[in-house]
Structure formats: structure tokens, C-alpha cells
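As the structure is a prediction and not an experimental result, all values here were calculated from the model.
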Amino acid sequence: MGVRLISAGVGIVIGVTILFLDNVFVYAAGIAFLSAVAVWELTRAIKCDKFPLLRWVSIVFGAVFPIIIIIQPLKFLAVPAALTYVLVMALIMLKMHKTVRFEQVLACGAAGGLLPVALSSMVLLRYSECGKPLGIFTILFVLFCAWFGDSGAYFVGTFFGKHKLCPLISPKKTVEGLVGGVVTVGIVTAITVFIYNTFILTEHQLSYAVLVPFSMLASLVGVVGDLSASVIKREYNVKDFGNIMPGHGGVLDRFDSVILTAPFLYVLLSYLGGLIYA
């Protein structure tokens with residue numbers, strides 16, 4: 001328990017520091033680190049560590065790509081970088097075709113390509129037209145939708161859960177927990193909007209009627225990410241993706257809900273962001 005609390009405290013201090021520095025270069029470095037570790041964890045979990053070249057190309061791309069797509073002057077390199085990554089993975093497959101199967105190349109390629117984009121969505125939302133006036137609210141919004149959904153589901157499910165949600169995938173998850181997580185996210189969002197409207201925002205006021213339903217919908221998407229991670233763990237017989245935070249697991253164990261929540265909210269608010277202002 002002591003190790004768990006210490007690692008949680010260190011993680012919170014680092015996370016809060018990055019948030020309040022609110023600097024695009026700091027964000028890019030932080031996401032690059034998380035992305036590289038997440039790709040490392042996933043490729044190890046799916047047994048790609050048997051193919052070091054394939055795996056390390058994915059990890060390096062996972063570290064570099066967030067910097068390219070987050071830092072504005074580098075965005076013109078995004079398509080060439082993605083194309084180079086695909087080309088290199090294809091060349092590795094051709095070179096190692098006797099030992100590496102297509103599904104292994106595809107799995108490593110997906111890990112190296114999708115995870116950095118998903119994690120970068122938080123920062124891309126922060127600097128979008130919708131997010132610029134709100135500062136760190138957009139990043140907090142993504143994290144709250146994912147993490148408070150998890151926490152609310154855990155506590156409600158522990159005390160009131162009776163009906164299993166997906167017993168073959170995640171035996172402890174219940175329908176009552178799912179509802180509790182969604183309601184928790186709605187309440188936390190309402191409180192956050194109240195604080196921002198009352199004490200922080202001057203030129204804009206946020207809409208409860210839009211942001212609360214958006215957050216509850218996003219929390220459901222987060223559950224899909226959480227369950228998807230559980231399927232991977234079950235299929236490959238791993239308990240945790242990593243141990244970067246002792247007692248809490250790896251980056252993917254902490255960010256499995258964020259992986260889908262962040263890009264979902266980025267797309268949703270890119271199209272409907274104008275509705276969030278009262």
C-alpha cells in the first residue's frame with residue numbers, strides 16, 4: 001500500500017506540474033514519453049519482443065510522431081513521417097518474411113501508429129479553435145471523463161453491483177458500476193463547469209446542457225477502451241501491461257480509457273465545439 005501511495009503521489013505531482021506549465025513543448029515531450037512507453041508495453045504484451053527490430057521501429061515512431069503532430073511548425077512532416085513508417089515496416093516484413101508474419105507486422109504497426117495519435121488528441125484539442133479559449137480545461141475534461149468514469153464505476157460496482165456487464169472479459173465490471181461511472185462523470189463535469197464559469201472564465205460561459213451529456217457519452221467510450229485493453233490482457237495472459245508506476249501498472253493500465261476518450265472528444269468538439277458555450 002505504501003509503494004502504491006508513493007507512486008500515485010509522484011505521478012500526481014508530475015501530472016499537475018505539466019498541466020499548470022501549460023506549454024506546448026512540455027506537453028509534446030510528456031506525450032512523446034507516454035506514447036513510447038505505451039507502445040513498448042503493448043508490443044511486449046502481444047509478444048512482439050521476439051522481433052526487436054520490428055518492435056523498436058514502432059517505439060521510436062511512437063516517441064517521434066507526437067512531437068511532429070503537436071508542434072505546429074513540424075506538422076508538415078506528419079504525412080511523410082507516417083508514410084516512412086509504413087514503408088519501413090513493409091521493408092522489415094519483406095526482409096524477415098521467413099520469421100515474421102503479416103499479423104505481427106500489422107499489430108506492431110498499429111501500436112506504433114494509433115497510440116501516439118490517440119494520446120496526442122488531448123493536446124491537439126487543447127490548441128484547437130475550441131480549446132484555445134479554455135486553456136487546460138480541455139485536457140482536464142478528457143482525463144475526468146476517462147478517470148472519474150473508472151473510479152465511479154469501481155466504487156458503485158463494489159457496493160451495489162449485482163448484474164455482470166461482460167463476465168467473460170472483465171468479471172468484476174457490473175451494469176450498476178457502468179451507470180455509476182457515467183453519473184459520476186456527469187456530476188464531476190457539472191462541478192468543473194461551475195468552478196470555471198464562476199472563478200476562471202470571464203469572456204465565455206460554458207454550457208451545462210451540452211458539456212454534461214458530452215462527458216457522459218465520452219465516459220461510455222472510455223469503457224470500450226477499458227474493455228478492449230482487458231481483452232488484450234486476457235488473450236495474451238498478462239496481468240498488467242507494465243510496472244512504470246509500482247502498484248498501479250503501466251501507462252496503458254492507467255490510460256486505457258483515455259486511448260479512445262481523447263480522440264472521441266477531439267472529433268466531437270472539432271465539429272460541435274461551438275455548442276459548449278452558453
Check whether any side-chain heavy atom of [X] sits under 4.5 Å from a side-chain heavy atom of [Y], and report yes or no.
X    : Y    : answer
S230 : I169 : yes
T43  : R55  : yes
M89  : V57  : yes
V223 : V182 : no
K75  : I68  : no
L134 : Y277 : yes
I71  : P73  : yes
V156 : V183 : no

So, D253 and K239, do they make that salt bridge, N to O below 4.0 Å? no
Could you walk me through whether Y85 and S58 satisfy the side chain to side chain donor-acceptor pair (under 3.5 Å) test, starting with their C-alpha distance in whole Å, then the side-chain angles of each, then the deciding distance to 0.1 Å, before giving a yes or no? CA-CA 8 Å; Y85 177 54; S58 300; 3.2 Å; yes
Go through K233 and D240 one step at a time and tell me if the side-chain contact (heavy atoms from CB on, under 4.5 Å) criterion holds. CA-CA 7 Å; K233 289 179 182 179; D240 292 318; 4.3 Å; yes
Nearest-0.5 Å distance that lies between atom [atom1] in [X] and atom [atom2] in [Y]:
X    : Y    : atom1 : atom2 : answer
I232 : N237 : CD1   : CG    : 14.0 Å
Q205 : I276 : CD    : CD1   : 12.0 Å
L77  : L83  : CG    : CG    : 12.5 Å
C130 : L275 : SG    : CG    : 9.5 Å
L53  : M96  : CG    : CE    : 6.0 Å
F20  : I18  : CZ    : CD1   : 12.5 Å

For [X] and [Y], work out which heavy atoms get closest and say how close.
X    : Y    : answer
G250 : E41  : CA-OE2, 3.0 Å
P263 : A118 : CD-O, 3.8 Å
P66  : S120 : CB-OG, 3.3 Å
L34  : V251 : O-CG1, 3.8 Å
Q104 : T99  : OE1-O, 4.0 Å
G152 : T184 : CA-OG1, 3.5 Å

Common cluster, [X]/[Y], ILVMFWY with side-chain heavy-atom separation under 4.5 Å:
X    : Y    : value
L252 : Y236 : yes
V16  : V142 : yes
V238 : L115 : no
I69  : V86  : no
F199 : L140 : yes

Taking atom [atom1] of [X] as the centre, does the number of heavy atoms from other residues, nucleotides or ligands within less than 6.0 Å exceed 12?
X    : atom1 : value
H204 : NE2   : yes
Y208 : OH    : yes
E129 : CD    : no
Y127 : OH    : yes

Side-chain ([X]) to main-chain ([Y]) donor-acceptor, under 3.5 angstrom:
X    : Y    : answer
Y27  : L19  : yes
S128 : L125 : yes
T261 : S257 : yes
N197 : L206 : yes

side-chain contact (heavy atoms from CB on, under 4.5 Å) between K173 and L178, worked out: CA-CA 8 Å; K173 285 185 170 54; L178 174 66; over 6 Å; no
Report the C-alpha distance between R126 and T138 in whole Å, list the side-chain angles of each, state the deciding distance to 0.1 Å, and finish with yes or no for side chain to side chain donor-acceptor pair (under 3.5 Å). CA-CA 6 Å; R126 159 68 182 88; T138 49; 5.2 Å; no
Should W56 and F61 be marked as a ring pair (Phe, Tyr, Trp, His ring centres under 6.0 Å) after you check the CA-CA gap, both sets of side-chain angles, and the distance that decides it? CA-CA 8 Å; W56 279 104; F61 184 78; over 10 Å; no
Would you check, one step at a time, whether the test side-chain contact (heavy atoms from CB on, under 4.5 Å) holds for F241 with L42? CA-CA 7 Å; F241 283 109; L42 184 55; 4.1 Å; yes
For the pair F137 and F141, name the ring-plane relationship: parallel under 30°, tilted 30 to 60°, perpendicular over 60°. parallel
Take L227 and S170 through the test side-chain contact (heavy atoms from CB on, under 4.5 Å) and record every step on the way to the result. CA-CA 7 Å; L227 290 174; S170 186; 4.0 Å; yes
